[in-house]
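Each remark here refers to the structure printed beneath this line.
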2 protein chains.
Amino acid sequence: MSRHQQAPITDPKEQFISYMRGLGTRTVLYQHGVASTLGLYNQDYLSVDILREKGPITAGELSKLTGLATGSTTALIDRLEKIGYVRRQNDPHDRRKVIIVPAYEHKAEVSHTYHPLHTAMLELASSYTDEELALITKFLDKASTVLEEQIYHLHAASQSKTSS
Amino acid sequence: MSRHQQAPITDPKEQFISYMRGLGTRTVLYQHGVASTLGLYNQDYLSVDILREKGPITAGELSKLTGLATGSTTALIDRLEKIGYVRRQNDPHDRRKVIIVPAYEHKAEVSHTYHPLHTAMLELASSYTDEELALITKFLDKASTVLEEQIYHLHAASQSKTSS
DNA sequence: TCAAATATCTCGATAATCAAGATATAAACA
DNA sequence: TGTTTATATCTTGATTATCGAGATATTTGA
């Protein structure tokens with residue numbers, strides 16, 4: 001995906017931001033591609049990704065994180081449960097809550113889709129010194145924190161919009 | 001979004017990859033949040049993003065990049081055209097082709113959603129020396145290239161799967 | 001104890017998306 | 001030059017994700 005002819009960015013910080021955006025778009029497209037490869041809808045694959053990171057969470061938490069209505073989340077979980085990617089479990093502390101437990105580790109096709117990017121990223125990491133890699137990793141951590149805050153504010157804004 | 005209790009990652013390269021994944025998930029969630037704020041479907045917002053980077057492209061190219069069927073792409077373009085985000089233009093070199101021209105720059109609400117993240121990223125960039133920022137920017141460039149290659153391979157695989 | 005709040009699922013309506021097909025145009029071939 | 005094949009985009013009917021409202025069960029707070 002080539003960039004069209006805009007005014008060339010000369011400020012290093014603006015250039016940095018432009019590359020962050022480019023990486024963002026490719027990330028989304030990559031995830032869509034993996035979802036399609038696995039025969040999953042985009043939100044289904046995103047949920048797999050969330051569960052991979054967070055481990056077992058409630059249906060309601062998944063609904064909040066994905067931004068889906070609770071009914072859509074139920075349907076999504078049904079789909080994932082049907083193909084063996086998750087299972088539902090009762091919460092012994094709160095009988096209203098349903099815990100969604102990831103179960104896709106046993107699914108070879110899931111790790112199979114991760115593998116090529118994993119290898120390519122290992123190779124990219126290998127091109128840096130230990131110090132450089134540490135700097136980059138720390139940067140990724142900080143960038144993630146920035147995005148989390150932005151996501152939080154977007155949600156807060158839509159909450160207050162809803163109640164007004 | 002906190003990480004659940006996995007075995008702590010000790011290898012720096014594996015840690016790097018883990019943070020890349022975390023950033024990826026937040027990126028997708030952030031984009032969904034912005035789309036929702038703008039009242040756009042996720043694919044609509046992604047298309048705005050693609051057009052922002054690539055400038056005017058044909059309907060078919062947009063279909064390929066988003067992975068949407070051509071009919072869905074037509075409907076998507078209809079929606080964006082309806083709210084003034086894009087306009088259709090004939091290609092003088094090939095009368096079959098329709099060029100999709102971005103027109104959302106005039107839409108204040110679009111730049112308004114970019115603004116908070118832009119500011120936060122400027123601030124993050126400011127915490128680095130010139131050399132560090134250059135290293136990070138170059139890294140982002142390379143990571144994007146890796147993702148592009150992976151996207152390409154995913155598409156190639158699904159093409160060959162289709163024709164078999 | 002009762003009322004209010006919370007969690008998840010059910011349900012009917014809306015609309016995105018798919019695949020097949022239609023139509024116009026361009027490229028390739030005889 | 002004319003015909004056949006390929007390409008580009010839109011149309012169409014079917015499928016299904018998603019929404020918002022509502023139902024039911026459980027928990028919390030007064």
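No hydrogens, no waters, no symmetry mates; every other heavy atom, side chains included, goes into these values. Residue numbering restarts at 1 for every chain, and letters A, B, ... go by the order of the sequence lines.
- Which of dA26(C), dA7(C), dC10(D) sits closest to the side chain of Ala59(B) comes down to dC10(D).
- Residue contacts shown for Thr58(A) are limited to sugar-phosphate atoms, with no base heavy atom under 4.0 Å away.
- If you measure from atom CG of Asn90(B) to atom C1' of dC10(D), you get 14 Å, rounded to the nearest angstrom.
- Heavy-atom distances to DNA chain D give each of Pro92(A) and Asp78(B) a nearest nucleotide, and the one nearer the 5′ end belongs to Asp78(B).
- Among the candidates Ile57(A), Leu62(A), Asn42(A), the single residue satisfying the side-chain contact (heavy atoms from CB on, under 4.5 Å) test with Ser47(A) is Leu62(A).
- Rounded to an integer number of Å, the gap from Ile77(B) CD1 to dA15(C) P is 20 Å.
- In this structure, Phe139(B) and Phe16(B) have perpendicular ring planes: the angle between them is above 60°, well past the 30° mark.
- For the pair Leu80(A) CG and dC9(C) P, the interatomic distance rounds to 13 Å; values are reported in whole Å.
- In this entry the distance linking CG of Asp94(A) with C1' of dT6(C) reads 8 Å, nearest Å.
- Panel note: side chain Thr37(A), backbone Gly33(A); a donor-acceptor pair is recorded below 3.5 Å.
- With a 6.0 Å cutoff to the six-membered ring centre and a 45° limit on the axis angle, Arg21(B) counts as a cation-pi contact of Tyr114(A).
- Within 6.0 Å of the CD atom in Glu123(A), the count of heavy atoms belonging to other residues, nucleotides or ligands does not exceed 12.
- Here the C1' atom of nucleotide dA26(C) and the NE2 atom of His93(B) are 14 Å apart, to the nearest Å.
- Taking atom CZ of Arg95(B) as the reference point, atom C1' of dT9(D) lies 14 Å away to the nearest angstrom.
- Taking 3.5 Å as the limit, the base of dT6(C) and the side chain of Arg96(A) contain a donor-acceptor pair of atoms between them.
- A salt bridge links Arg88(A) with Asp78(A): the closest approach of a Lys/Arg side-chain nitrogen to an acidic carboxylate oxygen falls below 4.0 angstrom.
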Using a cutoff of under 3.5 Å, can you pull out all pairs of nitrogen or oxygen atoms linking the protein to nucleotides 13-20 of chain D, with atom names and distances?
unit_1  : atom_1 : unit_2   : atom_2 : d
dA17(D) : OP1    : Tyr41(A) : OH     : 2.9
dA17(D) : O5'    : Arg79(A) : NH1    : 3.1
dT18(D) : OP2    : Arg79(A) : NH2    : 3.3
dC19(D) : OP2    : Ala69(A) : N      : 2.8
dC19(D) : OP2    : Ser72(A) : OG     : 2.7

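- Distance CG (Asp91(A)) to P (dA7(C)): 11 Å, rounded to an integer number of Å.
- Atom CZ of Arg95(B) has 12 or fewer neighbouring heavy atoms from other residues, nucleotides or ligands inside a 6.0 Å radius.
- Distance Leu62(A) CG to dT8(C) C1': 12 Å, rounded to the nearest Å.
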